[in-house]
Amino acid sequence: MTRGAEVIVIGAGVVGITCALALQGAGCAVTVLDRKGVAAEASAGNAGAFAFADVIPLATPGIMHKAPKWLLDPLGPLSVPPGYAAQIAPWMVRFWWASWRDRYDRALAAQAALMRLSAEALDTLIAETGARALVRDEGQLQLYEGQRAYEASLPGWETRAAHGIAFRLLDRPEAIAEIQPGLSPRFTHAGFTPGWRNVTDPTQWVAHLADVFRARGGRIEIAEVRALRQDGETVVLDCADGNRRADRAVICAGAWSHHLARTLGDRIPLETERGYNTTLPAGAFDLRTHLTFPDHGFVVSRIGQGVRVGGAVELGGLKRPPNWRRAVVLLDKARGFLPGLRTEGGTQWMGFRPSLPDSLPVIGPAPCADRVTYAFGHGHLGLTQSAGTAALVAALVSGAVPRIDLSPYAATRF
Ligand SMILES: Cc1cc2nc3c(=O)[nH]c(=O)nc-3n(C[C@H](O)[C@H](O)[C@H](O)COP(=O)(O)OP(=O)(O)OC[C@H]3O[C@@H](n4cnc5c(N)ncnc54)[C@H](O)[C@@H]3O)c2cc1C
């Protein structure tokens, strides 16, 4: 690629904006298009974690024995609205395939490689964009109720150890309280991951990166892209307000990316794992670290001066209205787990995680259009993996050698 090539990035979420900055750094003239604006969807209200310890794909061997139990509770950590069950079935079958031992092992290795790259790339991004004040290094506690739940978690900790993730296992409530006072004594055991990082606020994080991008000459425009096609040496984007052309295009449209890929002839099994949370105002709780309740499918994190409580997975597609009962249930649970939590005055939110069945994103060239690059489908880890993804996209577009093997993330793997 020649320096100064014009690149259009579709999507101004955390993945699109971080990719845009990296492409700019590689010498491209970059325009970002988004139908709504900067951080308008999943990147706005997430839990704000750089969850580098979360290398284990969701489709673990044996998951299909546990899933039916979770699905029985319509407000539990995993749910499928009855009207969406038939539509999600093919994705669930792929999810089940992904949980077979050999596929799981490959996905785990790929996830760990992208995490390592992303952790390194994040350090560079923070330094180059002056973003240090927007990151908290307070680690994460994963909390377990009783010996049995703790023992069930140990294989996961062994897996993390095998991938070089630092942690401390705690087997007394007093040891947990030294890191986070005020938890219910039902949490007797925990794992603490000191390398876990959080942004102070995910919306501000993306807004800051967008400001830096603009200050360096990047353009962000409101436009809805309806279709793409490659025309010789250029990519033509059919937008609601007319056509645009560029030397290259990058699709970072989150949970809507498969609609655009489809216009190029690709069928990508992207679905959305909808998640819910409530952000409580300043003074809600003296939170000292990111809390994860793995057996209940939700987390508690510090956002700005307040506290965000949420998570859960609802495989409900892009069109159904939110079921706010889900946010309420999580908050009720959190009140029991953090007895001093003040739950009044909160703001509810629902977001669309863009998820592929094997928990890995798609990063790589579109199979039928080599001037279009895909960078979407990061599921629960879009913020976490944004800097690594951006480094890979910049390498791909500029003709450099990507720092990790990209075959596990190829669009052709399905
Ligand atoms: C409850 C919850 C908690 C989460 N917590 C974390 C966390 O702690 N850490 C973490 O790493 N991840 C977390 N995630 C996941 C994370 O939020 C997502 O993976 C990430 O935000 C995806 O970023 P994105 O840029 O790919 O997509 P998005 O942020 O959804 O951005 C996509 C953009 O594309 C635009 N777009 C779509 N179609 C078009 C079109 N046709 N034309 C123009 N524009 C278009 C949209 O308007 C949107 O702005 C969480 C998600 C949820 C729901």
Side-chain angles (χ1 to χ4, degrees), residues 7-23 30-46 91 202-203 206 209-210 213 218-230 235-246 248-275 317-319 350-356 360-369 371-383 385-386 389-390 392-394 396-397 409-411 414:
V7 182
I8 290 182
V9 174
I10 306 168
V14 69
V15 176
I17 293 291
T18 315
C19 285
L21 262 174
L23 287 162
V30 187
T31 301
V32 179
L33 304 181
D34 196 293
R35 62 184 170 205
K36 291 187 172 171
V38 173
E41 296 283 358
S43 302
N46 61 52
W91 189 92
T203 304
V206 187
L209 298 182
F213 170 70
R219 292 160 57 92
I220 302 177
E221 298 174 11
I222 302 287
E224 173 155 21
V225 183
R226 295 191 293 217
L228 297 90
R229 72 188 153 82
Q230 190 160 320
V235 181
V236 182
L237 292 92
D238 167 16
C239 301
D241 60 355
N243 280 2
R244 287 172 170 77
R245 279 179 178 269
R248 302 273 190 155
V250 184
I251 300 182
C252 306
W256 297 267
S257 301
H258 55 320
H259 296 155
L260 294 172
R262 187 78 194 93
T263 68
L264 289 162
D266 289 326
R267 284 183 186 275
I268 314 273
L270 186 73
E271 273 289 344
T272 180
E273 295 181 66
R274 295 149 52 121
L318 293 166
K319 296 194 177 131
M350 191 268 281
F352 298 98
R353 298 183 190 94
S355 299
L356 290 150
L360 298 177
V362 174
I363 304 171
C368 306
R371 292 186 161 257
V372 179
T373 305
Y374 291 159
F376 58 79
H378 297 77
H380 294 239
L381 297 167
L383 171 64
Q385 298 180 336
S386 51
T389 300
L392 295 171
V393 165
L396 278 169
V397 171
Y409 320 99
F414 301 106

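Starting from 1, each residue takes its place in the sequence as its number.
- You'll find the side chain of Val393 reaches within 4.5 Å of the side chain of Cys19, heavy atoms only.
- Using a 4.5 Å cut-off on side-chain heavy atoms (C-beta onward), Thr272 and Pro354 make no contact.
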Quiz item: Yes or no on side-chain contact (heavy atoms from CB on, under 4.5 Å) for Tyr409 and Val362, after CA distance, side-chain angles and deciding distance?
Solution: CA-CA 5 Å; Tyr409 320 99; Val362 174; 6.0 Å; no

Quiz prompt | Worked check of side-chain contact (heavy atoms from CB on, under 4.5 Å) between Leu228 and Asp238 | solution = CA-CA 6 Å; Leu228 297 90; Asp238 167 16; over 6 Å; no

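- Taking Arg229 as the reference, nothing meets the side chain to side chain donor-acceptor pair (under 3.5 Å) condition, with sequence neighbours excluded.
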Exercise. Would you please test Arg219 and Glu221 for salt bridge (charged side-chain N to carboxylate O under 4.0 Å, His left out) and show each step?
Key: CA-CA 6 Å; Arg219 292 160 57 92; Glu221 298 174 11; 2.5 Å; yes

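- Inter-residue side-chain proximity for Ile220 and Asp34 is flagged as unmet; no heavy-atom pair is nearer than 4.5 Å.
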Practice problem: Let me see the working for Thr31 and Leu33 under side-chain contact (heavy atoms from CB on, under 4.5 Å), right down to the final yes or no. | Solution: CA-CA 7 Å; Thr31 301; Leu33 304 181; 4.0 Å; yes

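- Proximity of Leu237 to Asn243: side-chain heavy atoms (C-beta onward) are nowhere separated by under 4.5 Å.
- Taking 4.5 Å as the limit, some side-chain heavy atom of Thr18 sits within range of a side-chain heavy atom of Leu209.
- With sequence neighbours excluded, the residues forming a side chain to side chain donor-acceptor pair (under 3.5 Å) with Asp241 are Arg244, listed by chain and number.
- Looking at every heavy atom in both residues, Pro367 comes nearest to Asp266 through CD-OD2, 3.0 Å.
- The two residues Ala12 and Val206 come nearest to each other via the heavy atoms O-CG1, 4.0 Å.
- Contact between Tyr374 and Ala261 at its shortest, heavy atoms only, is OH-CB, 3.4 Å.
- What you find for Arg226 and Thr263 is that their closest heavy atoms are O-CG2, 3.6 Å.
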Exercise. Report the C-alpha separation of Ile10 and Phe376 in whole Å, then their side-chain angles, then the decisive distance to 0.1 Å, and conclude whether the side-chain contact (heavy atoms from CB on, under 4.5 Å) test is met.
Key: CA-CA 11 Å; Ile10 306 168; Phe376 58 79; over 6 Å; no

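- With rounding to the nearest 0.5 angstrom, the CD atom of Glu224 is 11.0 Å from the CD1 atom of Ile222.
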Scan the side chains in residues 250-257 for donor-acceptor partners under 3.5 Å anywhere in the protein, sequence neighbours excluded, and list what turns up.
residue, atom, partner, partner atom, Å
Ser257, OG, Ala253, N, 3.1
Ser257, OG, Gly254, N, 3.1
Ser257, OG, Gly254, O, 2.7

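- Put simply, the side chain of Ser43 gets close to the backbone of Val14: a donor and an acceptor are under 3.5 Å apart.
- Checked against side chain to side chain donor-acceptor pair (under 3.5 Å), Gln230 has the following partners two or more places apart in sequence or in another chain: Asp370.
- By the 4.5 Å heavy-atom criterion applied to side chains, Leu264 and Cys368 are not counted as neighbours.
- Every residue two or more places apart in sequence or in another chain that forms a side chain to side chain donor-acceptor pair (under 3.5 Å) with Thr389 is listed here: His378.
- When all heavy atoms are compared, the tightest approach of Gly379 to Ser355 is CA-OG, 3.4 Å.
- Glu273 meets the salt bridge (charged side-chain N to carboxylate O under 4.0 Å, His left out) test with no other residue; sequence neighbours excluded.
- A heavy-atom distance below 4.5 Å is not found between the side chains of Arg274 and Arg353.
- Closest approach of Val9 to Gly16, counting heavy atoms only: CG1-O, 3.6 Å.
- Leu356 places a side-chain heavy atom less than 4.5 Å from the side chain of Ile268.
- Atom CZ of Phe213 is separated from atom CG of Leu23 by 8.5 Å, given to the nearest 0.5 angstrom.
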